[in-house]
Amino acid sequence: MTAKAGTKDEIRVGGRRVPLSNPDKELFPDDGITKAELVDYYRSVARPMLTHLKNRPLVMERYPDGYRGKSFFHKDVPDYFPGWIRTVEVPKEGGRLTMAVCDDTATLVYLANQACITPHPWLSPADCLDCPDRLVFDLDPPEGEEKDFEAVRWSARTLGALLTELGLRPALMTTGSRGMHLLVLLDRRTDFDTARHFARRVADLLAARHSDRLTTEPRKNKRRGRLYLDTQRNAYAQTSVAPYAVRARPHAPVATPLDWDELDDPDLGPRRWTLRTLPERLDEYGDPWKGLSRCRRSLRTAQQRLDDLT
C-alpha cells in the first residue's frame, strides 16, 4: 500500500522522490480538502488518467491560494521544475514554448503539489503536434439550467447517435463543471483545420435539425435558451479538460468518463462525482473508457457519410 502524502515533505513515487510543500494547505476550504488530499487523489487515479495525458503538451490550471483564490493557466515550464519531468518544444508566434508532458505518476503528483488542480492536455500528441488524435464536442447548457440536466442528456444521446451513424465511436464524459463532453478518437491522419471543419459541420447539421433546442451560436445573448454545441476547442494549441481531472468548483467535482447507459441514471449531473467519491467508483466499476484506444477511426469515411446527409 502506498504511503499517503499526509504531512510529509517528500514522498516516493515510482522510484522518484517528489517534494511536497505546504501539504496541509486547504485548496477547497469548504470541505477541508488539502493539497495532500489532492496529491493522494491523483496518485489513486493515475493509471486510467495517464492514458489521456501521456505524450501530450500540458497546460496547468494552478490555484496557489485555493480554488476560490487567484488562478492562472501556466503553459511554460519554470526553471525550478526538476529535470526528470519531460518537456516538449512547441512553436508559437514569434518563438517557441517549452511545455510539460505528464508521462508518469511522479509528474502528476509533482503538478498537484504545484496546486495544479486541473491539467489540460492538447488534442494532439507531442510527436505530431499538427495532427489531432481526438475530437471534442462540448455540450454547454443554457445559463441557469445546470440543475435541469435533461437537455444535456438529450443532446448527448442525439449527438452520439449522429456520430455513430457516421461510423465513429464517441465516448461520453461529465465535465465536472456545467455540461458534458463527447470525445472521438482519430487515427492521426487529419490536420486541425480538417478536424475542426468536420466537427463544425456535424454541429451545424444537428443544430439545423433541432433549431429549437440546439445552437452553434457562440454569443450567449443570441442562444435564446438553447444548448450550445461548442466545437471551437478543436484547433491547434487548444486543450480539453483531462478525464479524471479535478475542477476548481465547490466540493472538488471530477470530470468523469461514463458508459453510455449511465445517461439513464436520474441522479446523473455534471458534478456527480468528486475527488472524494471518484476513487470508490473506480474501485467498484473500473474505468468505463478502458480499451478506448480500439475506437480510433479515420475521418475519411465519416466525411463521406456526412456529405450524403447534408
Side-chain angles (χ1 to χ4, degrees), residues 2-11 13 18-50 52-53 58-75 78 100 102 105-121 138 140-141 143-144 146-147 149 173-181 239-258 267-284 287:
T2 57
K4 296 290 186 180
T7 58
K8 296 176 180 292
D9 58 6
E10 181 183 82
I11 57 174
V13 183
V18 183
L20 296 180
S21 56
N22 301 318
D24 292 328
K25 185 176 185 60
E26 291 188 341
L27 298 182
F28 294 85
D30 302 344
D31 300 272
I33 296 174
T34 63
K35 187 193 291 185
E37 193 168 353
L38 182 72
V39 166
D40 288 333
Y41 167 79
Y42 276 128
R43 290 180 79 186
S44 73
V45 301
R47 182 185 295 272
M49 188 174 185
L50 285 171
H52 307 285
L53 295 178
L58 192 74
V59 175
M60 300 167 276
E61 187 179 353
R62 297 176 61 182
Y63 290 80
D65 298 316
Y67 88 96
R68 291 186 299 190
K70 185 177 180 180
S71 66
F72 59 100
F73 285 88
H74 203 163
K75 295 182 179 181
C102 187
T105 306
T107 301
L108 189 57
V109 166
Y110 185 87
L111 297 180
N113 182 61
Q114 297 299 310
C116 173
I117 290 180
T118 311
H120 298 263
D138 184 4
D140 187 8
E143 292 287 345
E146 295 95 327
K147 293 182 180 179
F149 207 58
M173 179 179 82
T174 63
T175 63
S177 181
R178 284 169 35 83
M180 302 185 88
H181 282 178
T239 64
S240 178
V241 62
Y244 298 109
V246 179
R247 307 306 303 274
R249 298 271 187 165
H251 315 305
V254 172
T256 306
L258 303 175
D267 294 326
L268 182 65
R271 306 175 201 171
R272 167 75 182 278
W273 290 278
T274 70
L275 173 152
R276 286 178 170 166
T277 62
L278 194 283
E280 182 179 353
R281 168 182 163 86
L282 266 181
D283 289 342
E284 185 171 356
D287 178 18

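Quick note: numbers below take in every heavy atom, side chains included, and nothing from hydrogens, waters or symmetry partners.
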Quiz item: Between the main-chain N or O of Thr256 and the side-chain N or O of Thr174, is there a donor-acceptor pair closer than 3.5 Å?
Solution: yes
Self-check item: Side chain Arg178, main chain Pro141, donor-acceptor under 3.5 Å
Solution: yes
Self-check item: Enclosure of Arg68 CZ (heavy-atom neighbours >12, cutoff 6.0 Å)
Solution: yes
Quiz prompt | Arg272 side, atom CZ; Thr274 side, atom OG1 - distance, nearest 0.5 Å | solution = 11.0 Å
Practice problem: Output the distance between atom CG (Asn113) and atom CG (Asp9), rounded to the nearest 0.5 Å. | Solution: 10.5 Å
Exercise. To the nearest 0.5 Å, tell me how far Cys102 SG sits from Tyr42 OH.
Key: 10.0 Å
Self-check item: Atom of Pro48, atom of Leu282 and distance for their closest heavy-atom approach
Solution: CG-CD1, 3.9 Å
Self-check item: Heavy-atom check, side chain of Val241 versus side chain of Met173, under 4.5 Å
Solution: yes
Quiz item: Would a 4.5 Å heavy-atom cut-off, applied to side chains only, mark Tyr110 and Pro19 as touching?
Solution: yes
Quiz prompt | Distance-only donor-acceptor check, side chains Arg249 and Ser177, under 3.5 Å | solution = yes
Quiz item: Any side-chain heavy atom of Tyr244 within less than 4.5 Å of one from Asp287?
Solution: yes
Exercise. Quick one: pull up CG in Asp31 and CG in Leu275 and give me the separation to the nearest 0.5 Å.
Key: 9.5 Å
Practice problem: Please report the shortest heavy-atom distance between Pro257 and Arg281, naming the atom on each side. | Solution: O-NH2, 2.9 Å
Quiz prompt | Arg271 CZ to Thr175 OG1 distance, which is reported to the nearest 0.5 Å | solution = 8.0 Å
Quiz prompt | Identified salt bridge (charged side-chain N to carboxylate O under 4.0 Å, His left out) partner of Glu37 from the options Arg276, Lys25, Arg43 | solution = Arg276
Quiz item: Under a 4.5 Å cut-off applied to non-hydrogen side-chain atoms, are Tyr67 and Val246 in contact?
Solution: no
Quiz prompt | Closest heavy-atom pair and its distance - Ala46, Thr105 | solution = CB-OG1, 3.4 Å
Self-check item: Flag side-chain contact, heavy atom, 4.5 Å: Gln114 against Pro78
Solution: no
Self-check item: Ser21 backbone acceptor or donor facing Lys35 side chain under 3.5 Å
Solution: yes
Quiz prompt | Pairwise side-chain contact, Glu61 with Ile117, heavy-atom cut-off 4.5 Å (strictly under) | solution = no
Quiz item: Can you name the nearest heavy-atom pair linking Thr118 to Ala248, along with the distance?
Solution: OG1-N, 4.1 Å
Exercise. List the atom of Ala255, the atom of Ala242, and the distance in Å for their closest heavy-atom pair.
Key: CB-O, 3.7 Å
Exercise. Taking atom NE2 of His74 as the centre, report whether more than 12 heavy atoms of other residues, nucleotides or ligands fall under 6.0 Å from it.
Key: yes
Quiz item: Hey, are the side chains of Thr107 and Leu58 touching, using non-hydrogen atoms and a 4.5 Å cut-off?
Solution: no
Quiz item: Atom OG of Ser44 and atom CD of Glu280: how far apart are they, to the nearest 0.5 Å?
Solution: 12.0 Å
Quiz item: Is there a side-chain contact between Leu258 and Leu268 (heavy atoms, below 4.5 Å)?
Solution: yes
Quiz item: Between Tyr41 and Leu278, is there a donor-acceptor pair closer than 3.5 Å when you use the side chain of the first and the backbone of the second?
Solution: no
